[in-house]
Amino acid sequence: QVQLVESGGGLVQAGGSLRLSCAASGSTFSTYTMAWFRQGPGKARDAIAVIWRTLTYYTDSVKGRFTISRDNAKNTVHLQMNTLRPEDTAVYYCAAAPGSDVSFSSSSYAYWGQGTQVTVSS
């Protein structure tokens, strides 16, 4: 079993920055595909950033503003969020897919964190 715990959410003004962290259990963390999803009110839960090995992938809505990274020695993945917009307001979830290739589909991820709220004021 893989356990994920997110932290770092909060309230920030538009144009500001926030750094999310996800602490993972597991002895083979470096082989996991890791992703950040988000879900706004009344919306689907969509992937916004994926890291597979050292390769990173982003949806167009966050490309150039958000950066996903991982520290395999600490079993941790981060999401640096810059130039935040009100439409970025959502619950952000960390997800893991052990032994999987890159995917933006929620069904590919077997393990999920509890979520952390990010609110961006106008």
Side-chain angles (χ1 to χ4, degrees):
Q1 295 294 314
V2 177
Q3 296 181 352
L4 306 173
V5 180
E6 302 101 330
S7 62
L11 175 65
V12 65
Q13 292 183 343
S17 298
L18 209 58
R19 180 177 169 88
L20 305 183
S21 297
C22 174
S25 66
S27 61
T28 56
F29 175 78
S30 63
T31 70
Y32 301 172
T33 298
M34 300 295 296
W36 286 97
F37 287 71
R38 68 183 182 186
Q39 185 171 25
K43 298 180 180 180
R45 185 178 299 185
D46 294 325
I48 57 170
V50 177
I51 184 164
W52 175 68
R53 299 182 183 177
T54 62
L55 303 179
T56 58
Y57 305 84
Y58 304 92
T59 59
D60 289 341
S61 62
V62 308
K63 192 174 299 180
R65 299 188 298 124
F66 292 8
T67 302
I68 187 171
S69 62
R70 69 195 302 160
D71 185 342
N72 291 332
K74 297 182 178 180
N75 279 22
T76 304
V77 64
H78 302 280
L79 185 68
Q80 179 65 46
M81 309 164 64
N82 297 327
T83 319
L84 284 161
R85 305 165 180 167
E87 52 264 43
D88 294 320
T89 295
V91 177
Y92 284 70
Y93 298 89
C94 179
S100 297
D101 293 332
V102 63
S103 176
F104 275 77
S105 174
S106 61
S107 63
S108 297
Y109 295 86
Y111 302 100
W112 296 81
Q114 81 288 349
T116 185
Q117 177 71 47
V118 172
T119 302
V120 184
S121 62
S122 60

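All values below were derived from every heavy atom in this structure, side-chain atoms included, with hydrogens, water molecules and symmetry-related copies excluded. It should be emphasised that the depicted structure is a prediction, and the values quoted were computed from it without experimental measurement.
- With ring centers used as reference points, F37 lies under 6.0 Å from W112.
- In this structure, A47 and T59 approach most closely via the heavy-atom pair O-CG2, 3.0 Å.
- Nearest heavy-atom pair across V50 and S103 is CG2-O, 3.3 Å.
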Would T89 and Q117 count as a side-chain contact (heavy atoms from CB on, under 4.5 Å) here? Give the steps.
CA-CA 8 Å; T89 295; Q117 177 71 47; 4.0 Å; yes
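- Separation of atoms CD1 (I51) and OG1 (T33) is listed at 9.5 Å; rounding is to 0.5 Å.
- A donor-acceptor pair is defined here as one N or O able to donate and one able to accept, closer than 3.5 Å; no such pair exists between the side chain of Q80 and the backbone of T67.
- C94 and L4 get closest at one heavy-atom pair: O-CD1, 3.5 Å.
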Check against side-chain hydrogen bond (donor to acceptor under 3.5 Å, both in side chains), S105 and S107
CA-CA 5 Å; S105 174; S107 63; 2.9 Å; yes
Take T56 and F66 through the side-chain contact (heavy atoms from CB on, under 4.5 Å) test and state the conclusion after the steps.
CA-CA 11 Å; T56 58; F66 292 8; over 6 Å; no
For residues 18-32, which side-chain N or O atoms pair as donor and acceptor with protein atoms under 3.5 Å away, sequence neighbours left out?
from : atom 1 : to  : atom 2 : distance (Å)
R19  : NH2    : H78 : ND1    : 3.4
R19  : NH2    : H78 : NE2    : 3.4
S21  : OG     : H78 : ND1    : 3.0
S25  : OG     : Q3  : N      : 2.8
T31  : OG1    : T28 : O      : 2.8

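- Taken from CE in M34 to CG in N72, the straight-line distance is 10.0 Å, to the nearest 0.5 Å.
- Linking ILVMFWY side-chain heavy atoms closer than 4.5 Å, directly or via other members, places Y109 and W52 in a single hydrophobic cluster.
- Applying the salt bridge (Lys or Arg N to Asp or Glu O under 4.0 Å) test to every pair with at least one member in residues 53-64, sequence neighbours left out, gives these pairs: D60-K63.
- A donor-acceptor contact shorter than 3.5 Å links the side chain of E6 to the backbone of Q114.
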Report the C-alpha distance between M81 and R65 in whole Å, list the side-chain angles of each, state the deciding distance to 0.1 Å, and finish with yes or no for side-chain contact (heavy atoms from CB on, under 4.5 Å).
CA-CA 6 Å; M81 309 164 64; R65 299 188 298 124; over 6 Å; no
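- In the hydrophobic clustering of this structure, Y111 groups with W36; members are Ile, Leu, Val, Met, Phe, Trp, Tyr whose side-chain heavy atoms approach within less than 4.5 Å, directly or through other members.
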side-chain contact (heavy atoms from CB on, under 4.5 Å) assessment of I68 paired with V77
CA-CA 7 Å; I68 187 171; V77 64; 3.9 Å; yes
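- The distance from atom CD of Q13 to atom OG of S122, rounded to the nearest 0.5 Å, is 9.5 Å.
- Residues V62 and V12 share a hydrophobic cluster, clusters being chains of Ile/Leu/Val/Met/Phe/Trp/Tyr side chains in contact below 4.5 Å.
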Acceptor/donor pairs from residues 38-46 side chains to any protein atom, 3.5 angstrom cut, sequence neighbours excluded:
from : atom 1 : to  : atom 2 : distance (Å)
R38  : NH1    : D88 : OD1    : 2.9
R38  : NH1    : Y92 : OH     : 2.9
Q39  : OE1    : R45 : NE     : 3.4
Q39  : NE2    : K43 : O      : 3.0
R45  : NH2    : Y93 : OH     : 3.4

